[in-house]
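Heads up: the structure comes next, in structure tokens.
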There are 2 protein chains.
Amino acid sequence: MNEDFKDTYSIKDLATEFNVTARTLRHYEEQGLLAPARSGQTRVYSQADRIRLAWILRGRRVGFSLNEISEMLALYSLGDGRATQRQVTLEKCRQRIDDLKAQRDDINSTIADLEEFCDTIEILVPCQKTGKLVSPETGKPPVIKTP
Amino acid sequence: MNEDFKDTYSIKDLATEFNVTARTLRHYEEQGLLAPARSGQTRVYSQADRIRLAWILRGRRVGFSLNEISEMLALYSLGDGRATQRQVTLEKCRQRIDDLKAQRDDINSTIADLEEFCDTIEILVPCQKTGKLVSPETGKPPVIKTP
DNA sequence: AAGGTAGTTGACGTTAACGTAAACGTCAAT
DNA sequence: ATTGACGTTTACGTTAACGTCAACTACCTT
């Protein structure tokens with residue numbers, strides 16, 4: 001029996017795999033984000049549940065609230081729904097995409113700031129007299145772009 | 001007198017410009033993220049305060065907590081500090097950069113998911129009989145990758 | 001049978017990031 | 001001089017996303 005490719009998982013299995021607590025998984029179920037099967041009282045997570053959890057957690061890392069994630073999951077189920085809702089679904093979806101692209105720009109800017117900062121102070125050297133960091137060229141304190 | 005390039009701002013000025021409440025600015029001050037000058041009791045924000053606020057808000061959009069933003073701002077002031085702290089500062093800074101790059105990857109994946117979803121349902125057409133959305137080619141319901 | 005491990009359901013506690021209301025000061029305009 | 005727009009501090013309220021018990025069940029294992 002191969003243990004690596006199970007098709008069902010206990011709550012602890014998923015919790016440890018994704019580095020969250022069991023409480024978190026129960027919480028997501030309370031919020032309607034997950035709906036694992038039951039064997040008696042005990043939750044039994046399928047492969048689909050596992051994928052869905054990974055998706056949820058990625059959404060969380062990206063900064064979405066559980067409510068937003070819930071709405072996005074709802075969008076997917078609207079995809080095969082009535083035609084009248086198609087346009088609304090598409091608009092919301094595209095809005096999300098635009099927001100994410102804006103956020104990506106913010107992240108790139110922040111990365112650029114931090115990298116420039118790293119580059120600046122990485123070449124500095126302690127001053128003989130004061131012990132403070134100065135430029136090895138000019139002997140003067142660095143010009144740091146402080147926000 | 002040109003109103004566009006002021007060198008001082010009221011709390012309301014900045015609040016409206018950045019679309020936050022005055023309460024938020026006071027909160028940031030309580031947390032030590034801002035330290036505007038005072039004219040009597042009244043806060044007077046400088047151009048530097050304004051830039052700093054923009055930086056803070058970008059950090060917030062990126063998903064940082066106020067505490068994390070505070071730490072990052074502290075990094076910058078450590079930049080011209082003692083040599084002994086330089087290495088620590090650099091490591092923290094690079095860690096931040098790596099985290100941000102990972103987050104950017106997550107965002108890109110999410111964007112890809114959403115765009116694929118958009119592409120899929122955008123070409124669908126309502127079925128004559130059921131009214132449900134189906135492929136114009138096959139007449140069958142679409143294959144949507146549901147997380 | 002006793003203990004250990006893993007599961008369950010309440011239900012209250014916690015933290016961050018503000019919201020909100022009270023109670024008050026200060027000018028400029030009506 | 002009173003209204004109104006803007007500012008202040010103090011302090012309690014709120015929401016999200018869980019943490020943290022308690023009290024219980026079920027199933028092995030020794």
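By convention in this document, chain letters (A, B, ...) are assigned in the order of the sequence lines, proteins followed by strands, and residues within each chain are numbered from 1. A quick note: this is a predicted structure, and the numbers were derived from the prediction, not measured.
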Could you check how far CG of A/Leu14 sits from C1' of C/dG7, rounded to whole Å? 14 Å
What is the distance from CG of A/Leu25 to P of C/dG7, rounded to the nearest Å? 10 Å
Upstream residue (5' side of DNA chain C) when A/Ala22 and B/Ser65 are each assigned their closest nucleotide: A/Ala22
Where the side chain of A/Arg52 meets the backbone of A/Leu34, is there a donor-acceptor pair that is under 3.5 Å apart? no
Under the side chain to side chain contact (heavy atoms under 4.5 Å, CB included) rule, collect the residues that match up with B/Ala22, sequence neighbours excluded. B/Ile11, B/Arg26
Sidechain N-carboxylate O distance under 4.0 Å for A/Arg43, A/Glu29: yes
Judged by nearest nucleotide, the residue sitting upstream toward the 5' end of DNA chain D, A/Thr21 or A/Gln41, is A/Thr21
Once side chain to side chain donor-acceptor pair (under 3.5 Å) is applied, do any residues pair with A/Thr21, and if so which ones, sequence neighbours excluded? A/Thr24
For the side chain of A/Arg38, counting heavy atoms from C-beta on, which of C/dT9, C/dC18, C/dG7 is nearest? C/dT9
Which whole-number value in Å describes the distance from B/Leu34 CG to C/dC18 C1'? 15 Å
Terminal contacting nucleotides, 5' and 3', DNA chain D versus chain A (heavy atom, 4.0 Å): D/dA17 to D/dT20
Once ring-ring contact (aromatic ring centres under 6.0 Å, His included) is applied, what residue pairs with a partner in residues 12-41 of chain B remain, sequence neighbours excluded? none
In plain terms, say whether A/Lys92 and A/Glu71 are close enough for a salt bridge, that is, a side-chain N and a carboxylate O under 4.0 Å apart. no
Which residue lies more 5' along DNA chain C, comparing B/Asn67 with B/Arg23 via nearest heavy atoms: B/Asn67
Look at the side chain of A/Arg26 and the base of C/dT9, then say whether one donor and one acceptor between them are separated by less than 3.5 Å. no
Rounding to the nearest 10°, end axes of the helix from C/dA1-D/dT30 to C/dT30-D/dA1 built from five pairs each make an angle of 20°
Check for a donor-acceptor pair, side chain of B/Asp105 on one end and backbone N or O of B/Ala102 on the other, with a separation under 3.5 Å. no
Tell me the interatomic distance from A/Asp13, atom CG, to C/dA6, atom P, rounded to whole angstroms. 11 Å
Checking side chain to side chain contact (heavy atoms under 4.5 Å, CB included) against A/Leu25, which of A/Val20, A/Asp49, A/Leu33 comes through? A/Val20
For B/Glu91, the side chain to side chain donor-acceptor pair (under 3.5 Å) test, sequence neighbours excluded, returns none
